[in-house]
2 protein chains.
Amino acid sequence: MALFIEHGYDAVTVADIAKQAGLTKRSFFNHFADKREVMFAAADAFEARVLDALGRADPELEPLDAAVWAYSKAAEPLGDYPDLARARGALIESSAELQERNLMKMASMTAKVAELLGARGASPREAAFVSQAATTIFTTAVDDWVQQPEHGLDAAIRNALSEFRSALGAAV
Amino acid sequence: MALFIEHGYDAVTVADIAKQAGLTKRSFFNHFADKREVMFAAADAFEARVLDALGRADPELEPLDAAVWAYSKAAEPLGDYPDLARARGALIESSAELQERNLMKMASMTAKVAELLGARGASPREAAFVSQAATTIFTTAVDDWVQQPEHGLDAAIRNALSEFRSALGAAV
DNA sequence: GGTGTGATTGCATCAGGTGCAATAAGAACG
DNA sequence: CGTTCTTATTGCACCTGATGCAATCACACC
């Protein structure tokens, strides 16, 4: 990430990354499926925490509340490093292929969350809609928080959820 | 698309495509930014129709209804060719890089729709949430329709919108 | 000290993608 | 009809990402 930030994502080659890590290009591809993946190792861990939290969520909670709670819980370790999140976000925004990969990761996580919501009793359709809503709420909250970290990520999530409810409340 | 369907996306090279079209690899890249884009020429045209329709939508409609109406209107020309949509969908699903590109296109269109909803008077936040909802509803409807085309795409959209409302109604 | 296992590497190879300069193909014009 | 201007096509050199395979290195374990 340091290399990417300094020179830009496109300007850094896989050989550069490998050299920085004291390895060869070939070894890089033993650890990461492609150049993009190196930016998403943390995201994979985050997904695991989300799914874990959702599995432990209060069964009484409505699907949307449960999903948002899981995101909130999983995001707790990130809350102390807004600068890191901002740098990562800027990097992703700077490269189309990173944006694509990011969307893919989010979509994949959304699908898995939906599956767990289904296991909690929601219909597949409801689970899919609610999970998509939770993803939207979470990414919106992160964007807000990254720009104004002072109130904390948790508050940003609660705020985004509330705004989502009032935005969709009129229409639904 | 015929080549992709016959041999699979990965197995077909850009040189193959160019040869089939009576051109060279270099000329292919004069027409398409990359190999993936060749699958999304129609999608770009669809986006244009969505934005155009939304511009003409009844100003009295609530944001979500306006957006969904625009998708419905823009999708009319597709309604007669469910087989084509199914083949295209299967192809995209078969390739991770096509999925990524598809998500990117949808995200980009979602952002543009949100902008137009903003121009209709919605707040940026409401516009973003509603536009994301409309995208979810539309893609869900297309999936449904592709599997059971007999009731028509328009009915599938209306149905998905209704299901969205009832799924989010309890939570919102 | 020997052995087995996994990580690392070198190498060859391929496909996607780009910049640049040359050239072919026409359309427009006198 | 011939010229000119524009645009599409091409060839070529070159780079990066990515993969398969075989060799080898490091090292924990017995």
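Chain letters run A, B, ... following the sequence lines, proteins first, then strands; residues in each count from 1. Computed from a predicted model, the values in this text were never measured in an experiment.
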- Which of the following nucleotides, D:dG11, D:dG17, C:dT9, is nearest to the side chain of A:Ser27? C:dT9
- Should B:Phe40 and B:Phe4 be regarded as members of a common hydrophobic cluster, given that ILVMFWY residues are connected when their side-chain heavy atoms come within less than 4.5 Å of each other, either directly or indirectly? yes
- Task: Find the distance A:Ile17:CD1 to D:dG17:P and express it as a whole number of Å.
- Result: 8 Å
- Query: C:dT18 P sits how many Å from B:Glu37 CD, rounded?
  - Reply: 11 Å
- Task: Name the closest nucleotide to the A:Thr13 side chain, picking from D:dG17, D:dT10, C:dG16.
- Result: D:dG17
- Query: In terms of side-chain geometry, is the basic nitrogen of A:Asp16 or A:Lys19 positioned less than 4.0 Å from the acidic oxygen of its partner?
  - Reply: no
- Query: Between C:dA15 and B:Arg36, is there an OP1 or OP2 to side-chain N/O distance shorter than 4.0 Å?
  - Reply: no
- Please tell me which of A:Ala15 and B:Asn30 maps to the more 5' nucleotide of DNA chain D, matching each residue to the nucleotide holding its nearest heavy atom. B:Asn30
- Item | Phosphate contact (C:dA7 OP1 or OP2) by A:His31 side-chain N/O below 4.0 Å | no
- Rounded to the nearest angstrom, tell me the gap between atom CD in A:Glu97 and atom P in C:dG16. 15 Å
- Task: Look at the side-chain heavy atoms of Ile, Leu, Val, Met, Phe, Trp and Tyr, link any pair under 4.5 Å apart, and say whether A:Leu91 and A:Val38 land in one connected group.
- Result: yes
- Task: Please tell me which of A:Arg26 and A:Tyr9 maps to the more 5' nucleotide of DNA chain D, matching each residue to the nucleotide holding its nearest heavy atom.
- Result: A:Tyr9
- In whole angstrom, what separates B:Phe32's CZ from C:dG17's P? 13 Å
- Residue whose closest nucleotide on DNA chain C lies nearer the 5' end, A:Gly22 versus B:Asp34: A:Gly22
- Message: On the nucleotide D:dT10, are OP1 or OP2 found under 4.0 Å from the side-chain N or O atoms that B:Thr24 carries?
- Response: yes
- Task: Give the rounded distance in Å between these two atoms: NZ of B:Lys19 and P of D:dT9.
- Result: 19 Å
- Query: Tell me: CZ of A:Phe28 to P of D:dG20, nearest whole Å?
  - Reply: 16 Å
- Message: In whole Å, I'd like the distance from the CZ atom of A:Phe29 to the P atom of C:dG10.
- Response: 15 Å
- Query: Please give, in whole Å, the distance from C:dG17 P to B:Leu23 CG?
  - Reply: 17 Å
- Could B:Lys35 and B:Tyr9 be counted as a cation-pi pair, given that NZ or CZ must be under 6.0 Å from the ring centre and within 45° of the axis? yes
- C:dG17 base to B:Lys35 side chain: any donor-acceptor pair below 3.5 Å? no
- Message: Checking A:Arg86 against A:Glu93 for the salt bridge (charged side-chain N to carboxylate O under 4.0 Å, His left out) test, could you report, in this order, the C-alpha distance in whole Å, the side-chain angles of both residues, the deciding distance, and whether it holds?
- Response: CA-CA 10 Å; A:Arg86 181 165 34 240; A:Glu93 206 168 348; over 6 Å; no
